[in-house]
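Written below as structure tokens is the structure these notes are about.
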Amino acid sequence: MKDMKQFILKPTIEAILAILHMENCKVNGIEGVPNINKLSINPNHFDLEFNATTQAIPQSVNIEYLPEIILEAVNSVYKIPQNTAYFEGNIIIGSKNEQHFDIRFNKLTQVTLVEEKQYFWRFIYPINGHEWFMKIKALPYTDDLGKHHFSNLITVELEGHSMNLYSSNFNNCHWMIIESTESITYDEMDHRVMSIIVALGFVIGKRYGDYCFHVASNEISFSKLEGIEVLSLQKAQYCPFKILQPNSNLIVEYLQQYDYQEYALKEIQCTLGDGTRWYYEEDSSVTIDAFNRLAQLCYKTNDMLIAANMLIDGSLMNIEYQKPFFHVTLETITSALLKGDNLTSPPIIPQEIYIQEVAPVLIKALQNIQNLPQDALSIFSQRIEHNLNSAPNANKLEFCFPKYGYELSKNDKEAINKRNSTFHGHLTNEKKSLREQRNELFAMGLRLHKLCSILLLKDAGFTGKILNNEVLFGIKEACNRKEPIFITI
């Protein structure tokens, strides 16, 4: 316990609360805004609210995007960047009565922050609780508020750069804090944080967002701050498709939808001697090492970062969009893994045999065709020499699974083999209505999401159980095959 890390949070909390509780600022940059006003921090947008007449601010209401606005609060000064704020809602021009005005914007920055300067950074997001408890085997830490936090701290290594991820509770809210342990630029911090929250969102099944505080310091301890800003983000959402779920209590309700799911419910049920039911699946939690490698995958290549993010966002899409979306994701992950290992998918027949015995015969046959235009001869010859022996793209997508010890089922292969029709613009069966195909498309999306997730997790070194969403959501065909609710990979 004495080796536990301790974090200084008081200055950071004070800076955040100063923004969350900001009111009655002196407003410069636009005329007529009274000193009685209030700042509201909301998911996806911020508002400066006040009451006034249009006669008090006659020019400002006619500007589509407002100039830079300076807010002078009690203890600090902040700015809203030029051309990012606007008046939201209906305004009755010419009325002598007071109206409620709402200046809406997406970024507020303390003026002491210097652009392009390197700082120690903390990026802080609102969350709903200790979200990775039981899902990632984290470490304890303490803070300067006298609190002890158990199974909370994750130390992330990105190409030798150490980052801390942990949560805290203040102002009756939970907050996720990601901090650098070295002085870096904002852009580098943003890239590191994006890699971490995408990896975390994939493990938990959540798209992080709402808003984020950026706290800057010249000291690794964050005992003194240089400035703070807050940025609005798209609304945070939990994803319907969760690939890891160590708490089986949360999936019992799903497995009671249909009679044909009863076998899966019995699979996870366990009753202790005193009658208490506890369904914790330790094999479905992720080690810090595996999480590190997952974040590292996202950090090293933009393609893998986007692909992991697509697994999060894809489950929030309409069912009709999921199959093509996850086919692209599977293609991207496979290509990134092959490139990272300097591998290519195997040829149809051994390349030496093809070059010595097959290609010369094909070239000769081609040259014997009378009246074949020279351009066509050249194109066909190049294809014979360079890519005719390449395996079909669908075969490429199957290539990585044996490496990780996962045996593709007939239904897995069927989902993968739909790749070619998807990429040639055939997204559905035109002989059926979309309504008739809805369950089939849903099952295909779930299966592709599972396959993509297996590749990511196995490359990160995960060994354990993943959730079979086809069974969870009651896909009848999967349940009739008695597929397990948890798949060991």
Side-chain angles (χ1 to χ4, degrees), residues 11-117 119 121-126 170-171 173 175 186 209-217 224-235:
T12 296
I13 293 172
E14 290 170 0
I16 290 174
L17 294 181
I19 292 177
L20 290 175
H21 299 158
M22 190 185 299
E23 59 183 7
N24 302 333
C25 304
K26 181 180 179 182
V27 181
N28 299 311
I30 57 173
E31 62 176 322
V33 178
N35 290 343
I36 299 177
N37 51 65
K38 183 178 180 181
L39 180 67
S40 298
I41 302 294
N42 310 292
N44 195 240
H45 66 271
F46 310 142
D47 298 312
L48 182 66
E49 301 178 65
F50 57 91
N51 294 324
T53 66
T54 54
Q55 293 174 326
I57 47 174
Q59 301 301 320
S60 300
V61 295
N62 294 318
I63 302 173
E64 185 174 2
Y65 287 100
L66 300 171
E68 181 180 82
I69 301 171
I70 302 296
L71 305 182
E72 296 183 22
V74 175
N75 295 318
S76 192
V77 180
Y78 305 85
K79 64 180 179 181
I80 301 171
Q82 180 179 358
N83 296 329
T84 62
Y86 59 93
F87 281 94
E88 170 68 16
N90 297 321
I91 298 173
I92 303 173
I93 303 296
S95 172
K96 296 181 180 180
N97 298 324
E98 271 197 346
Q99 301 177 55
H100 183 74
F101 288 89
D102 182 346
I103 297 177
R104 182 156 292 181
F105 55 99
N106 58 21
K107 186 178 182 181
L108 181 70
T109 304
Q110 196 170 9
V111 296
T112 53
L113 271 180
V114 179
E115 287 188 29
E116 307 302 326
K117 184 179 177 182
Y119 293 108
W121 291 97
R122 277 178 175 162
F123 280 25
I124 303 165
Y125 297 78
F170 57 86
N171 196 43
C173 295
W175 305 86
Y186 172 86
D210 291 343
Y211 51 88
C212 181
F213 289 96
H214 302 154
V215 175
S217 176
K224 181 182 178 183
L225 306 184
E226 297 303 311
I228 185 173
E229 69 178 13
V230 60
L231 184 69
S232 70
L233 304 169
Q234 63 182 337
K235 189 172 177 59

Closest approach of K26 to N35 (non-hydrogen atoms, all atoms of both residues)
CA-OD1, 3.6 Å
Residues passing the ring-ring contact (aromatic ring centres under 6.0 Å, His included) test with Y78, sequence neighbours excluded, are none
Is there a donor-acceptor pair closer than 3.5 Å between any side-chain N or O of Y119 and the backbone N or O of V114?
yes
Contact summary for E98 and N51, nearest pair of heavy atoms:
OE1-CB, 3.8 Å
Which of L108, V230, D47 passes side chain to side chain contact (heavy atoms under 4.5 Å, CB included) with L39? Answer is L108
Evaluate V27 against L71 for side chain to side chain contact (heavy atoms under 4.5 Å, CB included), listing each step before the verdict.
CA-CA 5 Å; V27 181; L71 305 182; 3.8 Å; yes
If I take atom CD from residue E72 and atom NZ from residue K79, how far apart are they, to the nearest 0.5 angstrom?
14.5 Å
Nearest non-hydrogen partners of A216 and W121, listed with the distance
CB-CZ3, 3.8 Å
With under 30° as parallel and over 60° as perpendicular, where do the rings of Y86 and Y65 fit, or are they tilted in between?
perpendicular
Side chains of F101 and I57: closer than 4.5 Å at any heavy-atom pair?
yes
If I take atom CD from residue E14 and atom CG from residue L225, how far apart are they, to the nearest 0.5 angstrom?
8.5 Å
Taking the side chain as everything from C-beta on, heavy atoms only, tell me whether T53 gets closer than 4.5 Å to N97.
no
Please walk me through it: do F46 and I80 pass side chain to side chain contact (heavy atoms under 4.5 Å, CB included)?
CA-CA 11 Å; F46 310 142; I80 301 171; over 6 Å; no
Does atom CG of L20 have more than 12 heavy-atom neighbours from other groups under 6.0 Å away?
yes
Angle between ring planes, F50 versus F87, binned at 30° and 60°: parallel, tilted or perpendicular?
perpendicular
Quick check: does any side chain N or O of S232 sit under 3.5 Å from a backbone N or O of Y211, one acting as donor and the other as acceptor?
no
Within the distance-only criterion (no hydrogens, no angle test), does the side chain of Q110 pair as donor or acceptor with the backbone N or O of I228 below 3.5 angstrom?
yes
Close side-chain approach of L113 to H214, heavy-atom, < 4.5 Å:
no
S40 and side chain to side chain donor-acceptor pair (under 3.5 Å): which partner among H45, E49, R104?
E49
Which heavy atom of K224 sits nearest a heavy atom of S217, and at what distance?
O-OG, 2.6 Å
Do I16 and F170 pass the side chain to side chain contact (heavy atoms under 4.5 Å, CB included) test, and can you show the C-alpha distance, the side-chain angles, and the key distance before you say yes or no?
CA-CA 10 Å; I16 290 174; F170 57 86; 3.9 Å; yes
Is there a side chain to side chain contact (heavy atoms under 4.5 Å, CB included) between I30 and I103? Walk through the geometry before answering.
CA-CA 11 Å; I30 57 173; I103 297 177; 3.4 Å; yes
Sequence neighbours left out, what passes side-chain hydrogen bond (donor to acceptor under 3.5 Å, both in side chains) with D210? Give chain and number order.
none
Working to the nearest 0.5 Å, report the span between CD of E229 and NZ of K107.
4.5 Å
Over all heavy atoms of both residues, which pair between F105 and L48 is shortest? Give the atoms and the distance, please.
CE2-N, 3.9 Å
Are R122 and T12 packed together at the side-chain level, in the sense that at least one heavy-atom pair is separated by less than 4.5 angstrom?
yes
Residue pair P34 / A52: nearest heavy atoms and the distance that separates them
CD-CB, 4.3 Å
Using a 3.5 Å distance criterion without hydrogens, assess whether the side chain of T112 forms a donor-acceptor pair with backbone atoms of E226.
yes
